[in-house]
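For reference, the structure is listed below as structure tokens.
Values in this document were obtained by computation on a predicted structure and should not be read as measured data.
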Amino acid sequence: MRLSRAFVPTTKETPKDAVLPSHIYLVRGGFISQVASGIYNFLPLGKRVLDKVRAIVKEELDKAGCQEVQLGFVTPCELWQESGRFGKYGKELLRFKDRKENCFVLGPTHEEMMVDLVRGRVTSYKQLPLNLYQINLKFRDEARPRFGLLRGREFVMKDGYSFHADEADMKREYDLMERTYRKIFSRIGLDFRAVEADVGAIGGSASKEFMVLAKSGEDTIAICTECDYAANVEAAKRQKPKAPEPAPEFSNFEPFYTPGLKSIEELSEFFKVDPYYFVKAVAKKAIYDDEEKIVLFFLRGSDELQEIKAQNAVGANELVDVSEEELENAGIVPGFIAPYEQECMIVLDEDLRGAKGLICGGNRKDYHLIGADLSHFDDALFADIAEVKEGDLCPRCGAVIHLTKGIEVGHIFQLGTRYSAAMKATFLDKEGKAKPFVMGTYGIGVSRLVAAAIEQNHDDRGCIWPKAIAPYMVDIIISNIKESEQLEFGEELYEALQKEGVEVVLDDRADRFGPKIKDFELIGYPVGVIVGKGLKEGKVQLVDRKTLEKKDVAKEEALQEILEMLS
RNA sequence: CGGGGUGUGGCGCAGCCUGGUUAGCGUGCUACCUUGGGGUGGUAGAGGUCGCGGGUUCAAAUCCCGCCACUCCGACCA
């Protein structure tokens, strides 16, 4: 491609509202442009990167025996009503009617469509297993799109669905998909972790997320510093924390006057006791399909409530904050809540099981109880609801856990029969009995990967594309096109590289050197070739975008050297 | 969904509080000259329904009301 002819509108200025590097550089580099909130156009360079990611995903999936299909983007409401998700999915589902008043939605995910496609067509265990996928647009009317391609409303996703005769075969496929996903993200050149995850609203028995490690990630993940344990904090476990010394000693179980002291910090200071020995209460309102109720969660003062775990522990659809007024109306004393004598539902953290010698709220304003003993509480009340924190101990090997941030780019689920049963998608097994398919579902955020790659690979000058997905591999900069010698050699090298099958751009614009090298750095081609004043001595300069190192090479050797840099 | 902010040539902004000539600056764009290894300098140009609708007024980018869009913080996020 000749840059003099290319549609690559780069800008010197940072777009007004972009905060993250990937957003800034993708817009400034002329890869994407915004159309509306959470909706982007892909320009020629962005489209090339997207297609490369797409091609890698496709290649590895096909190798793993998956088959690509393409489902309609516009899907009939009836399918959503059938699965029961039409109402539950809520406002994220963009609904509209056609001229005949038929109701449709833009697909945010395609479980329903895929089950509908397969049911009635795959009817025997002999046709299983089957793994179908598509790489297609998705639309979710997010309440708050942000960060450019990282959280758009319209995005490109690979979504795959597998169908099996039994659980064991589904697990086999799940493991195969994990290995396949690892290959995909490794090929793209990303530093990522496969982490244990919460299954969330999609359901199923197990799931793993693939996280690209980046400071700007919206997810927090817990990683063991010794073994390969890694989990999203929403699902992370830990070994029982060690009790700090010295443990406080209380001769009696009795109220203690603590005027105005509510926070664990203040109390710890007041009693000179480590927060570990306090019982803290977190009140939430649990929302169910047909009711809502106040739940009190109790943890050690040194821990924080993990809301997803807490939500799962009480089987609620959602947990929301509860006001002090609501608490008082329920006969609860905010700031001084004890696990004793509560009328509402209570849940205690696993780590409090059998704990004694604690300080907790007094169920009375300005009083706490010292010498509390929880060893008589019913086992049923305990659940793992604490958030794993920096320095906690790995549940597998006991080494120290480290927290880091990640961008979720893939998620695989052992789904089971949730959708197949609801939508009556069955096959006949060996005994001739009808059974619902056992399913798995697997997703990759293809357009999000484009942004994630930049979040992880950039410097203060622009993008540094991994070679596997760079829009072009080489940028030949002709320093001054008025110098016919430079122009000629540039053209010659351009042709030679194309003959070698290298994707190359020729910067033959009538600009000066400055803007050209700035664009090279901004766009982030892996290799730059500067054809400039060195040519008089028979030399050109090769630039490694990643290190920004330049080296002079004889012009006759340039081709060979470039090929080596790319290998 | 709750709370804030913004909307003015392609892009980034000023002007608005205190209404009043031709709406200004930077950048980008066009032409010519200049320069030619890190966004060169100059001259001359093109380019704006001041988000939309209504109101107040002799007069509205500016004041008032309504709407829309975008955005930030939070909630939410298969």
Span that lies between the [atom1] atom of [M] and that of [N], in whole angstrom:
| N | M | atom1 | result |
| --- | --- | --- | --- |
| G2(B) | U49(B) | C1' | 35 Å |
| C50(B) | C25(B) | C1' | 16 Å |
| G12(B) | U71(B) | C1' | 16 Å |
| C64(B) | G7(B) | P | 14 Å |
| G53(B) | C68(B) | P | 15 Å |
| A23(B) | G19(B) | C1' | 14 Å |
| U62(B) | G15(B) | P | 15 Å |

Considering every strand shown, what is the Watson-Crick or G-U wobble mate of [N] when both distances are under 3.5 Å?
| N | value |
| --- | --- |
| U6(B) | A69(B) |
| C50(B) | none |
| A44(B) | U30(B) |

_Criterion salt bridge (charged side-chain N to carboxylate O under 4.0 Å, His left out) against Lys284(A), the qualifying member of Glu318(A), Glu292(A), Glu307(A)_ = Glu307(A)
In terms of side-chain heavy atoms of [X], which of [options] is nearest?
| X | options | value |
| --- | --- | --- |
| Lys91(A) | C1(B), C77(B), G38(B) | C1(B) |
| Lys533(A) | C1(B), G37(B), U71(B) | G37(B) |
| Lys550(A) | G37(B), C13(B), C70(B) | G37(B) |
| Arg146(A) | C70(B), G39(B), A75(B) | A75(B) |
| Glu13(A) | G39(B), G26(B), C70(B) | G26(B) |
| Ala143(A) | C76(B), G37(B), C72(B) | C76(B) |

With a 4.5 Å limit on heavy-atom distance, are the side chains of [X] and [Y] in contact?
| X | Y | value |
| --- | --- | --- |
| Lys215(A) | Leu20(A) | no |
| Ile221(A) | Leu213(A) | yes |
| Leu3(A) | Asp475(A) | yes |
| Val504(A) | Leu506(A) | no |

Nearest-angstrom distance from the residue atom [atom1] of [X] to [atom2] of [N]:
| X | N | atom1 | atom2 | answer |
| --- | --- | --- | --- | --- |
| Lys16(A) | U6(B) | NZ | C1' | 6 Å |
| Leu150(A) | C72(B) | CG | P | 12 Å |
| Gln311(A) | A75(B) | CD | P | 14 Å |
| His23(A) | C72(B) | NE2 | P | 8 Å |
| Glu218(A) | C76(B) | CD | P | 12 Å |

What's [X] touching, base or sugar-phosphate or nothing? Going by heavy atoms closer than 4.0 Å.
| X | value |
| --- | --- |
| Asp519(A) | base |
| Gly443(A) | nothing |
| Gln34(A) | sugar-phosphate |
| Lys138(A) | nothing |
| Asp321(A) | nothing |
| Lys12(A) | base |
| Glu521(A) | base |
| Ser479(A) | base |
| Asn480(A) | base |

*Answer yes when Lys546(A) and Asp544(A) have at least one side-chain N-carboxylate O distance shorter than 4.0 Å, and no when they do not.*
no
_Carboxylate-amine/guanidinium contact Asp519(A) Lys516(A), below 4.0 Å_ = no
*Within residues 68-84 of chain A, residues whose heavy atoms come under 4.0 Å of RNA chain B*: none
*asked:* Less than 4.0 angstrom between a side-chain N/O of Arg144(A) and OP1 or OP2 of C73(B), yes or no?
replied: yes
*Hey, which of these two, Arg151(A) or Ala36(A), hits RNA chain B nearer its 5' end, going by closest nucleotide?*
Ala36(A)
